[in-house]
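Working notes for the structure below.
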Amino acid sequence: MKLDSKIPEGYISEKWTKYKDHLKLVAPNNRPKIDIIVVGTGLAGASAAASFGEMGYNVKAFCFQDSPRRAHSIAAQGGINAAKNYQNDGDSIYRLFYDTIKGGDYRAREANVHRLAEVSGNIIDQCVAQGVPFAREYGGLLDNRSFGGTQVQRTFYAAGQTGQQLLLGAYSALSRQIGLGRVQMFNRHEMLDIVKVDGKARGIIARNLITGELERHSAHAVIIASGGYGNVYFLSTNAMGSNVTASWKIHKQGALFANPCYVQIHPTCIPVHGTNQSKLTLMSESLRNSGRIWVPKKKEDAEAIRAGKLKPTQIAEEDRDYYLERRYPAFGNLVPRDVASRAAKERCDAGYGIEANDTNEGVYLDFSTEIQNKGKQAAYAQGNHNPSKEEITRLGKAWLEEKYGNLFTMYQKITDENPYETPMKIYPAVHYTMGGVWVDYDLQSTIPGCFVAGEANFSDHGANRLGASALMQGLADGYFVLPYTVSNYLADDIRTGKIPTNSAEFDEAEKRVKDQINKFLSNNGSKSVDYFHKKLGNIMWNKVGMGRNEKGLTEAISEIAALREEFHRDVFVPGSADELNPELEKALRVADFMELGQLMAMDGLQRNESCGGHFREEYQDSEGETLRDDENFSFVSAWEYKGDDISKEELHKEHLKYEFIKIAARNYK
C-alpha cells in the first residue's frame, strides 16, 4: 500500500488557501440528495454535523451517550489556543505553528499543523458569535493565559470549564439543525462496524443500546469523530465510556492506524488513591500558571509527609525542591506535559514522592506564592500600599477563586483538602492519545469516503500534544476543514442516489457484529469484563506507560496476546442481546482494547528513540532528556490490519519532511 498524504505544493502559508480554491463543490440544490453519517458528537463530531446540516446535506449523527452534551469534550478545563496576539507579546500564526511542531517533538505533519494554526483565530470568532462565555478583561476584551510549552499568552478560556462551554456552543448549532430536520440524531447508539460497497465507505452497523437492536444506516460518506483510546490503560482521565471501537472497526476494514504508541501522560492529575478506583480526575493544566510544583529536598521529609507526621506547610522554603524551575529555568512550571510528567516520575522514583498510596507517587502543586503576589497587586490596585499579611492573603485567595474557583471546589470535594490552605497533590496520568487513524491532508482515511476528525485521527500533535490544542483541533476539523474536503469527495456522488441497505455488504457486516455478540453471550466464562480490563491496564501502565524499554515492550506483546486468549475463553457476559446490557457493551469495547494494546507495544518496540510521550529508557541523555533519532525515525508509523493475529500487522511509513522549520533538539531550559 502506498501512502499519499495529498499535501499541496507551495509555500506553507498559502497551501490551504490555494488548495481550497481548487476543490470541487456540491451546489446547494444537490446537497439534499446526499447523506452523511457522523459517529461521535463531541467537539469534532458536533461541529461537523452542524456544519454539514447548515450546508444542506442530510446528516445522521450517532453518540452512545444519552445526549451530545455528555461527550468527553466537556471535561476539557483549561482553554483553547488561537494565534490572536491579543496580549501583544509576539504571538503569530507562525509561532503557534512552530510551538505545536516543537511541542510534538518534530513528529507531526507540517502542512496539517500550519492549517490548524491558520484557522485557530476563526474558531474564537465563531465561538464568540455562538455566545461562548470566554473570560474577559476588565475593559471587555477576551482574556488569555499561558499554557505549557509556550512563552506567550494565547489560550482563551472560560474559567475551568472551557470544554463544557465550547461543547454547549457546538451543541446549540447542532440542535438548530436537528430542529430544522437536516440532522437526525441517534442517541444511545454505538457504531459496531463500517460497511464498504465497491471499496467505499457507504454506511455503518449500529446497536441501539436501549433495545439491543442492530440497525443499518447508509450514507455517501462516513465521518468518525469518536475520540481517543486512553482507556486501554483502564485508569485514565477519560470518561469511563470512552473507547476505541469505531476507530478500530474501520482499522480492521482497511484504515491504517498511525502512531499508536504516542500517548500523552498529563502531569496534573489527582494521584491514584486505591486499587478499586475506576477512573482518575484531571486538574487543569492552567493551574501551572499560578501553582509551583515541588517535592521535599530531603527524603526523610518526604517519608514523614507520607507517614502523616509532617504537613507540607511545615516544610521551610529552603527545604523545597521546585524541580521544574531548577531543571528548566526558561519555561519553569510551564514546560510541555511530557517533560513535566517525566520529571515528576523521576522525583518519585528517587523516593521523594509525597502521597501515601501503594507506590508513594505524588508531588505538590502549591499556590501560596501566587496568593501573596496577587494579593499585593490587588491591594495596591485598591490604593492600599501597606496591606497587612491577612489582607494580602484574603485578596490573593479571592483572585484565585475568581480564576480557578470551580477547579479548587472540585479538588476539595474529591480529596477533602482545601487547596487554598494546603498544596494540591498531583501526579501524571494517561490523558490524551496523539495516535489514531491515519488520514491524509483531506482528513480521509485509507478507506475512500471514510473521514476521521479530532482525537480519533493522528494528524496534528506529533508525539506530544500541547495543552489547549485538543479543543482547537476538534473545532478546526469540524467547522473549517471537513466542510471543504468532504464536499470535494462528495461532488462525484450527486447522481449516485440513495445507498440501499439490503445489499450483501450490509448483510455481511451485520453478520460480523451478530457473531461477535453471540460469541460473548454464549461464552461459559467465570470472570468479569472489568477483571480483564484491569489486567490489561496493569500491563499497559507498567510496560507501555511513561517509561518503556525493549524488555518490557517485548513482554507486554506476549502478555497481552495471552491475556486476549484468556479473555475470549473465560469472560462472562450476563444478559441477552436484545436489551440494555452494559456488560455486553464493555466486552465489545475491551475486545478492541486488547488488540490495540498489543499494537501499541509493537509500535513502541520498533521506535528505537525517545520522542514526546514515547520515552524509551535506552534512549536518554545524561540528564534524563529524550534522545530523538531524526535520521532513522522521522516518520509516521501507519499499521495495516492483516487478520486476527495482531503480530502480523504490516508497518507502512510516511516520511516527514520539514521545509519551513528547522529541526532542532527540543530545549526548554
Side-chain angles (χ1 to χ4, degrees), residues 1 3 104-109 228-233 236 244 247-248 250-252 255-265 338 430 432-439 445-446 452 455-465 536-537 539-561 563-564 592-619 626-630 632-643 645-656:
M1 180 183 293
L3 292 178
D105 221 352
Y106 303 93
R107 291 293 177 265
R109 188 189 285 155
Y229 50 88
N231 276 355
V232 69
Y233 290 86
S236 80
V244 76
S247 296
W248 196 250
I250 68 171
H251 173 56
K252 294 175 85 164
L256 302 192
F257 207 96
N259 297 337
C261 77
Y262 288 164
V263 176
Q264 180 165 85
I265 313 293
D338 60 318
V430 172
Y432 188 92
T433 51
M434 286 74 66
V437 179
W438 185 91
V439 292
S445 71
T446 42
V452 188
E455 191 179 356
N457 76 33
F458 88 100
S459 66
D460 291 14
H461 307 297
N464 172 61
R465 177 175 68 81
L536 173 64
I539 297 170
M540 294 298 298
W541 179 249
N542 289 321
K543 296 180 178 179
V544 200
M546 259 199 287
R548 304 164 179 181
N549 56 56
E550 182 178 3
K551 179 176 180 290
L553 290 166
T554 304
E555 291 171 352
I557 292 168
S558 59
E559 287 173 17
I560 294 169
L563 182 66
R564 182 179 165 215
D592 296 327
F593 280 141
M594 290 279 181
E595 297 175 1
L596 169 65
Q598 187 174 344
L599 185 62
M600 290 168 69
M602 289 165 54
D603 190 42
L605 183 62
Q606 66 84 25
R607 189 167 282 279
N608 293 323
E609 66 164 354
S610 289
C611 58
H614 170 65
F615 186 68
R616 282 284 296 270
E617 292 165 356
E618 305 97 322
Y619 305 100
T626 56
L627 283 179
R628 283 197 332 263
D629 182 350
D630 295 323
N632 296 302
F633 291 96
S634 186
F635 62 79
V636 175
S637 54
W639 295 86
E640 182 181 1
Y641 184 76
K642 289 291 185 179
D645 185 353
I646 299 301
S647 67
K648 297 288 195 292
E649 292 229 356
E650 183 179 347
L651 174 63
H652 301 272
K653 298 177 182 180
E654 178 197 342
H655 292 280
L656 296 167

*Partners passing salt bridge (charged side-chain N to carboxylate O under 4.0 Å, His left out) against Arg607 (at least two apart in sequence or in another chain)*: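 Salt bridge (charged side-chain N to carboxylate O under 4.0 Å, His left out) check on Arg607 returns Glu609.
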
Main-chain N/O of [Y] paired to [X] side chain as donor or acceptor, under 3.5 Å:
X      : Y      : value
Gln264 : Gly613 : no
Asn259 : Ser637 : yes
Ser610 : Arg616 : yes
Thr446 : Leu256 : yes
Asn549 : Glu617 : no
Glu649 : Leu599 : no

_Between Asp105 and Arg107, does any side-chain N to carboxylate O distance fall below 4.0 Å?_
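A salt bridge is absent here (no side-chain N lies under 4.0 Å from a carboxylate O).
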
*Does Glu595 come within less than 4.0 Å of Lys252, counting only side-chain N to carboxylate O?*
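Counted as a salt bridge, because a side-chain N and a carboxylate O are separated by less than 4.0 Å.
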
Which atom of [X] lies closest to which atom of [Y], heavy atoms considered:
X      : Y      : value
Ala258 : Val636 : CB-CG1, 3.8 Å
Ala638 : Leu3   : CB-CD1, 4.0 Å
Gly230 : Thr433 : N-CG2, 3.6 Å
Ala456 : Ser247 : CB-OG, 3.8 Å
Phe633 : Asn608 : CZ-N, 3.3 Å
Trp639 : Pro260 : CD1-CD, 3.8 Å

Output the distance between atom [atom1] ([X]) and atom [atom2] ([Y]), rounded to the nearest 0.5 Å.
X      : Y      : atom1 : atom2 : result
Met594 : Met540 : CE    : CE    : 11.0 Å
Met434 : Cys261 : CE    : SG    : 8.5 Å
Leu627 : Phe615 : CG    : CZ    : 8.5 Å
Asp592 : Asn231 : CG    : CG    : 13.0 Å
His614 : Met600 : NE2   : CE    : 11.5 Å
Met602 : Gln606 : CE    : CD    : 9.0 Å

*asked:* Under the criterion side chain to side chain contact (heavy atoms under 4.5 Å, CB included), I'd like the reasoning laid out for Val544 against Leu553: C-alpha separation, chi angles, the key distance, then a yes or no.
replied: CA-CA 6 Å; Val544 200; Leu553 290 166; 4.0 Å; yes

_Tyr619 and Asp629, any side-chain heavy atoms less than 4.5 Å apart_ =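 Asp629 does not reach Tyr619 side chain to side chain.
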
_If you define the side chain from C-beta out and look only at heavy atoms, does anything of Tyr262 sit under 4.5 Å from Arg465?_
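Tyr262 vs Arg465: side chains apart.
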
*asked:* Before we go on, tell me: are the rings of Tyr432 and His461 under 6.0 Å apart, centre to centre?
replied: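 Centroid distance Tyr432-His461: below 6.0 Å, so yes.
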
*Strictly under 6.0 Å, is that where the ring centroids of Phe257 and Tyr229 end up?*
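Yes, the ring of Phe257 comes within the 6.0 Å limit of the ring of Tyr229, centre to centre.
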
*Can you tell which of Val232, Ile539, Ile646 makes a side chain to side chain contact (heavy atoms under 4.5 Å, CB included) with Ile560?*
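Result: among Val232, Ile539, Ile646, Ile539 is the only option passing the side chain to side chain contact (heavy atoms under 4.5 Å, CB included) with Ile560.
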
*CD (Glu650) with more than 12 external heavy atoms under 6.0 Å*: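 Correct, the count exceeds 12.
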
*Can you tell me if Gln598 and Ser647 form a side-chain donor-acceptor pair at under 3.5 Å?*
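No, no side-chain donor-acceptor contact under 3.5 Å.
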
*With under 30° as parallel and over 60° as perpendicular, where do the rings of His251 and Tyr641 fit, or are they tilted in between?*
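Ring orientation, 0 to 90° scale: perpendicular.
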
